[in-house]
Amino acid sequence: MRRRLGVSGPSEKMDKGSGKNQQNRLCLLVSLSAFFWILLLYFHFVVLANSNVTQSTQLQSNPINPEVNILKEKASESRTVNESTQLQSNPVHPEPPPAHLKKDPESASPQTDTYPFIRALKTIENRTDPCGGRYIYVHDLPPRFNEDMLKECKSLSLWTNMCKFTSNAGLGPPLKNVEGVFSNTGWYATNQFAVDVIFNNRMKQYECLTRDSSIAAAIFVPFYAGFDIARYLWGHKISNRDAASLDLVDWLTKRPEWGIMGGKDHFLVAGRITWDFRRLSDEESDWGNKLLFLPAAKNMSMLVVESSPWNANDFGIPYPTYFHPAKDADVISWQERMRNLARKWLFSFAGAPRADNPKSIRGQIIDQCRNSKVGKLLECDFGESKCHSPSSIMQMFQSSLFCLQPQGDSYTRRSAFDSMLAGCIPVFFHPGSAYTQYTWHLPKNYSTYSVFIPEDDIRKRNISLEERLSEISPEQVKIMRENVIRLIPSLIYADPRSKLETLKDSFDVAVQAVIDKVTRLRRNIIEGRTEYDNFVEENSWKYALLDEGQREVGAHEWDPFFSKPKDANGESNSSSAEAAKNSWKNEQRDQAQ
């Protein structure tokens with residue numbers, strides 16, 4: 001039987017259909033795969049790329065990546081180091097700040113380290129150091145400038161054997177309390193010109209001495225200037241009078257300590273009036289030596305018992321009294337005793353007339369004391385030995401409410417300090433006797449502790465001292481006397497062989513004043529400013545009277561008192577030299593009695 005080849009069966013149809021479907025599925029898979037990769041590539045290159053650009057832009061405007069910050073910090077540090085290196089190799093010194101901007105050393109820029117005294121200023125910042133800002137360096141002078149003079153004490157005065165007065169560390173022989181006027185201890189027959197040695201011996205007990213001059217707030221020169229000039233004032237050539245001063249300056253200026261401030265941080269003490277050190281010429285007949293006119297000495301501060309109102313390099317410190325306590329209790333006990341004394345005299349005066357001085361008001365004061373029932377006089381002219389008895393003087397002052405203190409041979413008197421020690425209210429007739437002299441030790445407001453009566457009120461108007469002083473009420477007298485008594489510690493020199501516990505004596509006050517002066521100067525140097533505006537040395541007496549913050553002086557009610565006197569040749573300081581000579585003549589007279 002023959003098969004028919006022209007007709008296909010169902011299975012044949014299925015085989016044919018299956019092959020066709022497989023081709024369709026393969027095409028679909030290829031299409032899907034291609035679509036997937038197209039989408040993947042689109043997402044990667046378009047969507048993610050846009051997202052990264054946006055994110056990058058945000059990071060640039062708001063960096064939050066810590067790694068970026070670290071890199072920037074390192075770059076900043078690198079720039080700082082480079083800038084610092086450039087500053088070190090090419091230092092730039094800034095312009096001084098304006099005068100009204102006051103800098104403290106604590107906030108000073110690194111450039112201040114170039115000042116040689118910066119270490120001394122920085123000690124002030126050390127709150128744990130009780131001596132911070134108070135260190136004193138003492139020059140170790142050759143003995144010819146001090147100790148050798150004491151070995152030759154008989155030559156220190158033409159009329160006085162100073163050997164007994166230089167004993168007991170300069171206090172002199174002890175005073176016996178026979179009449180009960182003194183305390184049982186602490187009283188000595190102290191010479192009024194012995195401050196040189198007293199001050200030096202007190203310095204040896206100062207609690208903040210240092211051997212490192214770079215931290216010193218001030219530098220002390222233990223030269224006995226007063227004793228030196230005393231040896232040669234009479235009958236010696238000016239070459240002898242000037243020798244030690246010139247030698248001292250030569251020695252000091254060769255020392256490294258001098259170079260720190262050119263001597264402006266140095267100070268010394270002379271127990272005489274300033275006119276003994278201010279010779280104006282090289283004429284043999286001229287008075288004194290020229291220590292205070294030497295260029296180097298003009299930079300130093302010289303502490304004297306009477307300063308010049310017209311010069312800036314000397315400062316007044318108290319004359320020594322007879323009282324030199326060894327401890328606080330001695331002072332406090334004395335003060336309490338002075339408060340409780342009965343005082344029978346309204347006023348008193350201890351002194352001699354100045355018949356050879358037509359301007360002196362002493363004669364009129366003596367007359368008023370003699371003619372008053374409430375006035376007491378202790379005459380010191382020839383034949384009156386009681387005036388030179390410490391016991392007699394102190395007894396009279398202790399019995400008086402007011403003690404008259406007219407000018408002596410010069411502006412000042414030791415008697416002013418003896419009277420205040422006795423709790424007696426001083427009456428001054430010239431501002432140069434105290435108010436412009438002892439500005440470190442006495443209050444600026446002089447009316448709180450004293451009475452001022454201008455000399456012309458006595459000389460020309462002859463006012464009654466009794467009436468004038470009687471006008472002050474008992475209540476006011478009590479207040480003024482209490483103020484005087486409170487001043488006692490700062491007006492006396494404690495025993496140099498001991499130390500007061502808490503009270504500050506005259507030495508302490510003076511040293512602190514010098515330290516303050518040097519510290520102000522150093523800070524002004526750093527700040528590029530001066531302490532005063534338009535400083536005029538001839539007006540020196542006015543500057544210490546300025547209130548804090550004032551920088552310039554003007555007309556003053558006391559100007560007439562300090563107009564320089566002129567002699568027949570038009571010279572202005574000859575009267576001061578005459579005053580110094582008269583002071584020595586009266587010392588000669590005193591010793592002759």
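- A side-chain donor from one of Asp328 and Thr502 sits under 3.5 Å from a side-chain acceptor of the other.
- A cation-pi arrangement is absent between Arg202 and Tyr493 under the rule of less than 6.0 angstrom and at most 45 degrees off the ring axis.
- Ring planes of Tyr446 and Trp558: tilted class, angle from 30 to 60°.
- Applying the salt bridge (charged side-chain N to carboxylate O under 4.0 Å, His left out) rule to Asp533 yields the partners Arg551; only residues at least two apart in sequence or on another chain are considered.
- Within the structure, the ring-ring contact (aromatic ring centres under 6.0 Å, His included) test picks out no pair touching residues 340-363 (sequence neighbours left out).
- Ring centroid separation for the pair Tyr435 and Phe452 comes in under the 6.0 Å cut-off.
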Open item on the list: One pair to check against side-chain hydrogen bond (donor to acceptor under 3.5 Å, both in side chains): Asn191 and Tyr319. What are the steps and the verdict?
Closed with: CA-CA 9 Å; Asn191 186 276; Tyr319 286 87; over 6 Å; no
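- Residues satisfying the side chain to side chain contact (heavy atoms under 4.5 Å, CB included) criterion with Ala513, sequence neighbours excluded, are Trp440.
- Annotation for Lys204: atom NZ counts as buried by contact number, over 12 foreign heavy atoms lying within 6.0 Å.
- The main-chain N or O of Leu487 is found under 3.5 Å from a side-chain atom of Ser490 such that the two form a donor-acceptor pair.
- Between the side chains of Tyr188 and Asn168, no donor-acceptor pair of N or O atoms lies under 3.5 Å.
- Under the 4.5 Å side-chain criterion, counting only non-hydrogen atoms from C-beta, Leu401 is not in contact with Ile425.
- The two atoms that bring Phe165 and Thr160 nearest to each other are CE1-CG2, 3.6 Å, heavy atoms only.
- Without hydrogens or angle criteria, Thr439 side chain to Ala544 main chain gives no donor-acceptor distance under 3.5 Å.
- Separating the CD1 atom in Ile219 from the CD1 atom in Ile136 is a distance of 9.0 Å, to the nearest 0.5 Å.
- Arg414 forms a cation-pi arrangement with Tyr322, by the criterion of a distance under 6.0 Å to the ring centre and an angle within 45° of the ring axis.
- A donor-acceptor distance shorter than 3.5 angstrom exists from the side chain of Asn201 to the backbone of Val197, with no hydrogens or angles considered.
- Each of Val304, Val305, Leu303 was checked for a side chain to side chain contact (heavy atoms under 4.5 Å, CB included) with Ser307, and the lone residue meeting it is Val304.
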Going through the distances and angles, do Asp418 and Met394 end up as a side-chain contact (heavy atoms from CB on, under 4.5 Å)? CA-CA 7 Å; Asp418 289 334; Met394 293 301 295; 4.2 Å; yes
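- Using a 4.0 Å cut-off between a side-chain N of Lys or Arg and a carboxylate O of Asp or Glu, Arg272 and Glu306 do not qualify as a salt bridge.
- Every residue meeting the salt bridge (charged side-chain N to carboxylate O under 4.0 Å, His left out) condition with Glu482, not counting sequence neighbours, appears here in chain and number order: Arg339, Arg486.
- The shortest distance between side-chain heavy atoms of Leu521 and Val518 does not fall below 4.5 Å.
- Using a 3.5 Å distance cut-off with no hydrogens or angles, the side chains of Tyr532 and Asn524 do not pair a donor with an acceptor.
- When only modelled atom types and interatomic distance are considered, Glu552 and Asn534 share a side-chain donor-acceptor pair under 3.5 Å.
- The backbone N or O of Asp547 sits less than 3.5 Å from a side-chain atom of Gln550, completing a donor-acceptor pair.
- Between Arg522 and Asp265, at least one side-chain nitrogen of the basic residue sits less than 4.0 Å from a carboxylate oxygen of the acidic one, meeting the salt-bridge criterion.
- At a threshold of 4.0 Å, the pair Asp314-Arg278 counts as salt-bridged, since one of the basic side-chain nitrogens sits closer than that to a carboxylate oxygen.
- Not one N or O on the side chain of Trp541 forms a donor-acceptor pair closer than 3.5 Å with the backbone of Asn311.
- Considering only residues two or more places apart in sequence or on other chains, Trp187 meets the side-chain hydrogen bond (donor to acceptor under 3.5 Å, both in side chains) condition with Ser183.
- Residues that satisfy the disulfide bond (SG atoms under 2.5 Å apart) test with Cys403, not counting sequence neighbours, are Cys424.
- Between the OG atom in Ser506 and the CD1 atom in Ile492 there is a gap of 9.0 Å [rounded to 0.5 Å].
- For Gln476, the side chain to side chain contact (heavy atoms under 4.5 Å, CB included) test picks out Ile472, Ser473, Ile479, Met480, with sequence neighbours left out.
- The neighbour count for Lys478 NZ, taken as heavy atoms of other residues, nucleotides or ligands under 6.0 Å away, does not exceed 12.
- When the side chain to side chain contact (heavy atoms under 4.5 Å, CB included) test is applied to Ser433, the partners found at least two apart in sequence or on another chain are Gln407, Phe428, His430.
- Across every non-hydrogen atom of Ser540 and Ala312, the tightest pair is OG-N, 3.5 Å.
- Residues satisfying the salt bridge (charged side-chain N to carboxylate O under 4.0 Å, His left out) criterion with Asp516, sequence neighbours excluded, are absent altogether.
- The main-chain N or O of Asn445 is found under 3.5 Å from a side-chain atom of Thr448 such that the two form a donor-acceptor pair.
- For the residue pair Thr190 / His324, a side-chain donor-acceptor distance below 3.5 Å is found, with atom types taken as modelled.
- Side chain of Ser399 to main chain of Gln395: a donor-acceptor pair is present (N/O by atom type, distance under 3.5 Å, no hydrogens or angles).
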Taking it one step at a time, do Phe417 and Tyr438 satisfy ring pair (Phe, Tyr, Trp, His ring centres under 6.0 Å)?
CA-CA 11 Å; Phe417 296 98; Tyr438 309 108; 4.9 Å; yes
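- Partners of Lys542 according to the salt bridge (charged side-chain N to carboxylate O under 4.0 Å, His left out) rule, which considers only residues two or more places apart in sequence or in another chain, are Asp559.
- Evaluation of the side chain to side chain contact (heavy atoms under 4.5 Å, CB included) rule for Asn184 yields Asn177 as partners, not counting sequence neighbours.
- There is no side-chain donor-acceptor pair under 3.5 Å between Gln437 and Thr412.
- Ser419 places a side-chain N or O within 3.5 Å of a backbone atom of Ala416 that can act as its donor or acceptor partner.
- Taking every heavy atom of both residues into account, Val181 and Ser391 meet most closely at CG2-OG, 3.6 Å.
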- Task: Show your reasoning for whether side-chain contact (heavy atoms from CB on, under 4.5 Å) applies to Ile273 and Asp409.
- Result: CA-CA 11 Å; Ile273 62 177; Asp409 301 298; over 6 Å; no
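- Pairs passing the side-chain hydrogen bond (donor to acceptor under 3.5 Å, both in side chains) check and including a residue from residues 361-377, sequence neighbours excluded, read Arg370-Glu379, Ser372-Glu466.
- With Asp505 contributing its side chain and Asp508 its backbone, the two residues share a donor-acceptor pair below 3.5 Å.
- Annotation for Glu467: atom CD does not count as buried by contact number, only 12 or fewer foreign heavy atoms lying within 6.0 Å.
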| message | Test side-chain hydrogen bond (donor to acceptor under 3.5 Å, both in side chains) on Trp310 and Asn539; report intermediate values, then the result. | response | CA-CA 6 Å; Trp310 308 299; Asn539 291 329; over 6 Å; no
